[in-house]
Structures are given as C-alpha cells and as structure tokens.
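Reviewing the structure listed below.
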Amino acid sequence: MTVRETSPREALQRQRAGALLLDVREPFEHATGMAAGAIALPREQVAQRIAQVAPDRNSEILTICAHGQRSLMAAQVLQQLGYGNVASVAGGTAQWIADGLPMAEADNEDADFFERYSRHLRLSEVGEAGQRKLEDARVVIVGAGGLGSPAAFYLAAAGVGTLVLADHDAVDRSNLQRQILHTDARIGMSKVHSAAHALTALNPRTQVMGLTERVTSDNVEDLLEGADVVLDGADNFPVRYLLNDACVKLQKPLVYGAVHRFEGQVSVFDAGRRRGAAPCYRCLFPQPPPPEAAPNCSEAGVLGVLPGVIGMLQATEVLKLILGLGEPLSGRLLMFDALPMRFRETRLAPDPECPVCAPGKAFPGYVDYEEFCTG
Ligand SMILES: [Zn+2]
C-alpha cells in the first residue's frame, strides 16, 4: 500500500480545514520547535496510542517527521490499522521551516532538557526515564579537589539534579595543577563556592549545595541525608573510614577513589545495602595505618591527570548506580598505573568478621581518626 505525500504548504491548508497533523519524531527532536498545531506522538507509539488521539478511522491524518522518511512509515502503519485518509508531509519539519510556515515554540523548560541531554536520550539504556532519574538524584561528593573536580563536572553535565559538595578548604595555587573546578581568579575562595560557580555555569539545571566545614562524626549523617550515592573524593583516612561506616549504617552505596603518585584505585562499597554479599572498606583494611605509614600526604606528589582518570571512573560508577545500568564495581578493586598504562582488578570478598558490616553486627559507633596530613 503506497502512502500519499503532501507538501508542507498543502498540509497546513488541510490542517486548517480540520486534518490532524501528527509529529512522529522523538521528544528530544522537539527542542527547536514543532509545526504549529501538530500533536506529538513518537513513531514507535503510533500503533499503540493512535486510537486515543484519533478514535475515528475516517478522520484525515497527516504525519510529519524531520525529513519525511519516518512519517512515511508511520502513515503506512496507520493505513494498516484501517485509517483511510492518511498522507505524509514531504520533506518533513525541515521543509516546513524552509517554506516559512508557522512553528510552535517548544516549551522552554522542556526544550532545554531535550536539547541538553539529547545524546543521553538517544541511548535506549538511558532515555527520558533515565534522564529524569538523574534529575531526581542527589549525589554527595566529599572533597572538591582532585577527584571531586572531574567527578562533579561530569555529574553536573550529565544532569544529576542535586550535587552536595563538602570541603572545608579554600582554593590554593598548588591545587590548580589538577583540581579543574577552580581557577586562578578564585584563589582564596572557599572550594565549595568556587565549585558552585563552575558547576552552575556548566549546567544551571543542577542545584549545587555545600558544606564548608570539616566532615566529622557530628555532621556526617546530616550531610548524607537523602543521598542516592556518595562519592569519596577526599582521599584521606579519617574521611574514608567515616564515610564507609556512615554508608554502611545508612545503607548508601559509596564510590571510593584514591590516588598516589602515578597510581590510583577505585571501587564501589555497597555493604550497607547488601550486608554479607558486598564488602565495605573495613573488610579490606579494618583500621587505618599508623600516621607515619600514611601514603596519601600532599607532599608525596601526584601526576596532575591521575585524579582526573580516577575521578571520572568514580563518576561513571555513580551514573551506573543511579541508572541501574551495567555491572557496578562492587566486590572489585580496580587499580590503575599510569606509567605502564595498565589496569588491574582484584576481587574483594566481604569479611564475615568485619567490625562494621558483618551481618547481624550492631553499629559500633563512629571513630574520628586524627588527620595525618592536610590536603
Ligand atoms: Zn566490612
């Protein structure tokens, strides 16, 4: 059954005479507007939903897409369903615009959403439902430094609705070699405020909240309130153990990252939600090392790109956890060595004797370890 085609100009006249103009493009294609008066019904939903839009099979229906290909297919589907008076608009919305015919402005809020996230929306694994999940998500990032910078940038860009940043430091010139959220002009400003500048400029849809105090056992639970995922970008032992214990207690997934010189590592600790099935950080290292053995002092030095690599792996895990995609890095420790450019992975099993996450074990209370070195 061949489909009749009509020019945009003729379609406009038919529409004014009462024909139904059906825009069969995907929602993310509406960002630049739709033919005035058209009703949006994506092609895959035509068969399923046309009866709601046009219950009368004798009604005249004109289909329009971007360039006139998909509208032909949609018209064919309509004919197969018994709609007798159907035509496809040749050249689609592009020709409609070229002919100077009236357009309906897309709703601004929606237009921003669909245009900004169009590359996510084209992934069937994300789609509009996934993007809305990201928009509803709240991610806590502890540390707006080397790891937190790339992670926060990409999570804001990806459309995470609320980012809560915690950092008590101010921007220092020596940070700028790797902490890309900050700028030379913002030296001396609190890192949280500097980060909020950068993130809001990138994506005004993301709400940035901040804590400019040191994270301790007194404020950690308030900080994690409502969080869907927690990202440890502080890379120091007191915060690492505190976040681990809080995430086990509050049943939140923790995305861990650490860097040292030319090497880094990343993992997901999900023992809070999966007691006995997934490990926590204390399953690996029940106690912090003695201060003199602590390797992560700022004096040790780090290649500037290293926290970029690790922070972005952390951000990837955060997005996967929110979207429920793929296989999280839970129960695995991924190690990266920049010099030979090599990734290695080791399995991590939960410790049935773990002081914090062993099943049935009562929460032992928080410990505020002393900070061994600053930065
Ligand atoms: Zn554990």
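Start at 1 and go down the list; that is how both ligands and their atoms are numbered. One is the number of the first residue; the rest follow in order along the sequence.
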Residue list, side-chain hydrogen bond (donor to acceptor under 3.5 Å, both in side chains) with Asp232, at least two apart or on another chain: none

When the ring centroid of Tyr281 is compared with that of Tyr241, is the distance short of 6.0 Å? yes

Which residues and atoms, protein N, O or S only, are under 2.8 Å from the Zn ion (ligand 1)? Cys280 SG, Cys283 SG, Cys354 SG, Cys357 SG

Residue pairs meeting salt bridge (Lys or Arg N to Asp or Glu O under 4.0 Å), one or both in residues 347-365, sequence neighbours left out, come to none

Residue pairs fulfilling salt bridge (Lys or Arg N to Asp or Glu O under 4.0 Å) with at least one residue in residues 26-55, sequence neighbours excluded: Glu29-Arg70

What do the steps show when you test Asn175 against Arg178 for side chain to side chain contact (heavy atoms under 4.5 Å, CB included), and what is the final call? CA-CA 6 Å; Asn175 300 150; Arg178 63 201 178 284; 4.2 Å; yes

Side chain to side chain contact (heavy atoms under 4.5 Å, CB included) partner of Gln265, the single match among Leu313, Ile310, Leu333: Leu333

